[in-house]
Amino acid sequence: MADTTTTSLSFLTKGSHVEINSDEDSINGTWYSATVLNPPPTPRNQLVYVEYHNLSETNSTTRLREYANISYVRPSPVPDTNNPPDFQLNDVVDAFYRDGWWTGVITTVIDAGNFVVTFQNPPDQAQFRCSELRIHRKWVGGRWFQPQKQGTEGVMFTVGKKVEVSFERESLRDCWVPATILKNSDNNTFLVEYQQRGTGDEAILHKVTVDYLHIRPSPPHLRAKNFALSEKVDAYYDFGWWSCVITKELPDNRYNVFFKHTKKEREFIYSRVRPHMEWKGGQWFNTSQVFISLFTYARIPLYLVVDYLAMN
């Protein structure tokens with residue numbers, strides 16, 4: 001009978017491309033690309049000397065080199081150039097993120113080339129191009145295995161997940177407040193913790209139970225863009241994201257926006273404004289794109305645009 005250990009490690013040759021996992025809790029499950037410089041000299045030796053492709057020495061541009069335990073090393077997956085992946089909702093994928101390949105689930109298909117991936121460890125969500133994704137596979141016993149699609153519920157509202165919640169109070173209409181899930185109950189309710197204004201400008205933590213109609217994942221971080229006049233957006237103040245409309249572009253990446261709940265206009269820096277998105281049926285919809293198309297081509301006067309959006 002062949003030695004399965006020797007067979008499964010036969011890829012550890014000098015110059016071969018590999019990927020290395022870490023046992024650190026914060027990045028467990030992430031794979032980093034590397035090249036083998038010196039394979040284990042004997043079958044009993046558990047260390048391989050590698051040079052990472054995207055990791056550098058501390059305070060240096062020199063690529064990081066280190067000895068890695070062979071139990072955390074696998075060959076680099078070879079893409080199937082004859083059958084490029086056709087990514088779909090709920091696909092388990094690896095996304096190239098923070099210099100490594102992180103495992104997540106496609107939770108939103110923006111278009112044919114852009115996707116939102118949700119990560120469970122650590123909880124996070126980001127947008128990726130098709131070229132930054134690959135189908136997730138596992139290396140077991142010298143062979144590759146591909147997991148099945150995964151439902152999104154298990155990664156959406158787990159304990160510790162960053163989410164946003166809304167309230168029925170009139171003073172908080174059109175506002176989504178960032179929160180953290182503390183407990184997921186069996187009756188579709190969630191205990192969350194969020195910040196609210198205390199004495200003066202200081203923030204205090206508050207806990208509240210919300211149902212599934214008043215909770216959603218944090219919206220994906222869409223790539224940087226310039227906002228258009230009359231575009232529906234969210235602006236952050238008073239510890240929440242409030243729906244509003246761009247009314248004027250100012251110098252130094254600043255904007256004037258109009259809030260329908262106060263009927264007032266305020267100025268915000270770019271970093272405090274984001275595209276307005278709606279969470280419906282387990283998917284994100286960028287409703288601001290609809291408004292841009294409608295009002296750009298119809299050439300409706302701005303004051304009518306603002307009045308229209310204030311009623312929607």
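For the pair V48 and P40, the minimum side-chain heavy-atom distance is below 4.5 Å. L172 is not listed as a side-chain neighbour of S166, based on a closest heavy-atom distance of 4.5 Å or more. Contact of the N54 side chain with the F96 side chain is registered, since non-hydrogen atoms from C-beta on lie closer than 4.5 Å. Put simply, the side chain of R129 reaches to within 4.5 Å of the side chain of N114, judged on heavy atoms. Residues I135 and D91 are in side-chain contact: their nearest non-hydrogen atoms beyond the backbone lie under 4.5 Å apart. In this structure the side chain of W31 reaches within 4.5 angstrom of the side chain of R74, judged on heavy atoms. Within the 4.5 Å cutoff, side-chain heavy atoms of S16 are placed close to those of V36. A 4.5 Å side-chain heavy-atom check between Y97 and T30 finds every atom pair outside the cut-off.
In this structure, the separation between NZ on K248 and CG on L229 is 10.5 Å, given to the nearest 0.5 Å. To the nearest 0.5 Å, the span separating CZ on F115 from OG1 on T108 amounts to 11.0 Å. Between R197 atom CZ and I204 atom CD1 the span is 10.5 Å, to the nearest 0.5 Å. To the nearest 0.5 Å, the span separating NZ on K161 from CZ on F119 amounts to 9.5 Å. To the nearest 0.5 angstrom, H276 atom NE2 is 14.0 Å from W242 atom CH2. Note that CD1 of I20 is 11.0 Å distant from OG of S71, once rounded to the nearest 0.5 Å.
Under the 4.5 Å side-chain heavy-atom criterion for ILVMFWY residues, a single connected hydrophobic cluster contains both W279 and V192. Tracing side-chain contacts under 4.5 Å through hydrophobic residues (I, L, V, M, F, W, Y), one reaches L89 starting from F87; they form part of the same cluster. Hydrophobic clustering (ILVMFWY, side-chain heavy atoms < 4.5 Å, transitive): F11 and Y49 are in distinct clusters. Two different hydrophobic clusters hold V273 and Y236 under the rule that ILVMFWY side chains link at heavy-atom gaps under 4.5 Å. Both V163 and V208 are assigned to one and the same hydrophobic cluster, defined by single-linkage of ILVMFWY side chains at heavy-atom distances under 4.5 Å.
A cation-pi arrangement is found for R137 relative to W144, the charged atom lying closer than 6.0 Å to the ring centre and inside a 45° cone about the ring normal.
Aromatic ring pairs are classed by plane angle as parallel below 30°, tilted from 30° to 60° and perpendicular above 60°; the pair F190 and F157 is tilted. Ring geometry for Y237 versus F259: interplanar angle over 60°, hence perpendicular rather than tilted (30 to 60°).
Side chains of E19 and N21: no donor on one and acceptor on the other come within 3.5 Å. With 3.5 Å as the limit, one finds no donor-acceptor pair spanning the side chains of S33 and H17. D234 and S243 form no side-chain donor-acceptor contact under 3.5 Å, judged by distance and modelled atom types alone. Between the side chains of T118 and Q125, at least one donor N or O sits under 3.5 Å from an acceptor N or O.
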Requested in this report: Begin with the C-alpha distance, continue with both residues' side-chain angles, and end with the deciding distance and a verdict on side chain to side chain contact (heavy atoms under 4.5 Å, CB included) for V92 and T103.
Outcome: CA-CA 7 Å; V92 181; T103 302; 4.0 Å; yes
Query raised in the report: side chain to side chain contact (heavy atoms under 4.5 Å, CB included) between N226 and Y255: does it pass, once the steps are laid out?
Result: CA-CA 10 Å; N226 291 325; Y255 295 90; 4.2 Å; yes
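Taking every heavy atom of both residues into account, V177 and Q195 meet most closely at CG1-O, 4.2 Å. Nearest heavy-atom pair, H136 versus D94, reported as atom, atom and distance to 0.1 Å: ND1-OD1, 2.7 Å. Across R272 and W241, no two heavy atoms sit closer than the pair O-CZ3, 3.5 Å. Between I181 and I215, the shortest heavy-atom distance links the atoms CD1-CD1, 4.0 Å. The minimum heavy-atom distance between R63 and H53, with the atom names listed, is NE-O, 3.7 Å. When all heavy atoms are compared, the tightest approach of A235 to V257 is CB-CG2, 4.5 Å.
Of the possible donor and acceptor atoms, none in the side chain of S56 sits under 3.5 Å from a partner among the backbone N and O of L64.
Within 6.0 Å of the CZ atom in R134, the count of heavy atoms belonging to other residues, nucleotides or ligands exceeds 12.
F227 and Y270 have their aromatic ring centers within a separation under 6.0 angstrom. Taking the six-membered ring for Trp, Y194 and F167 have ring centres closer than 6.0 Å.
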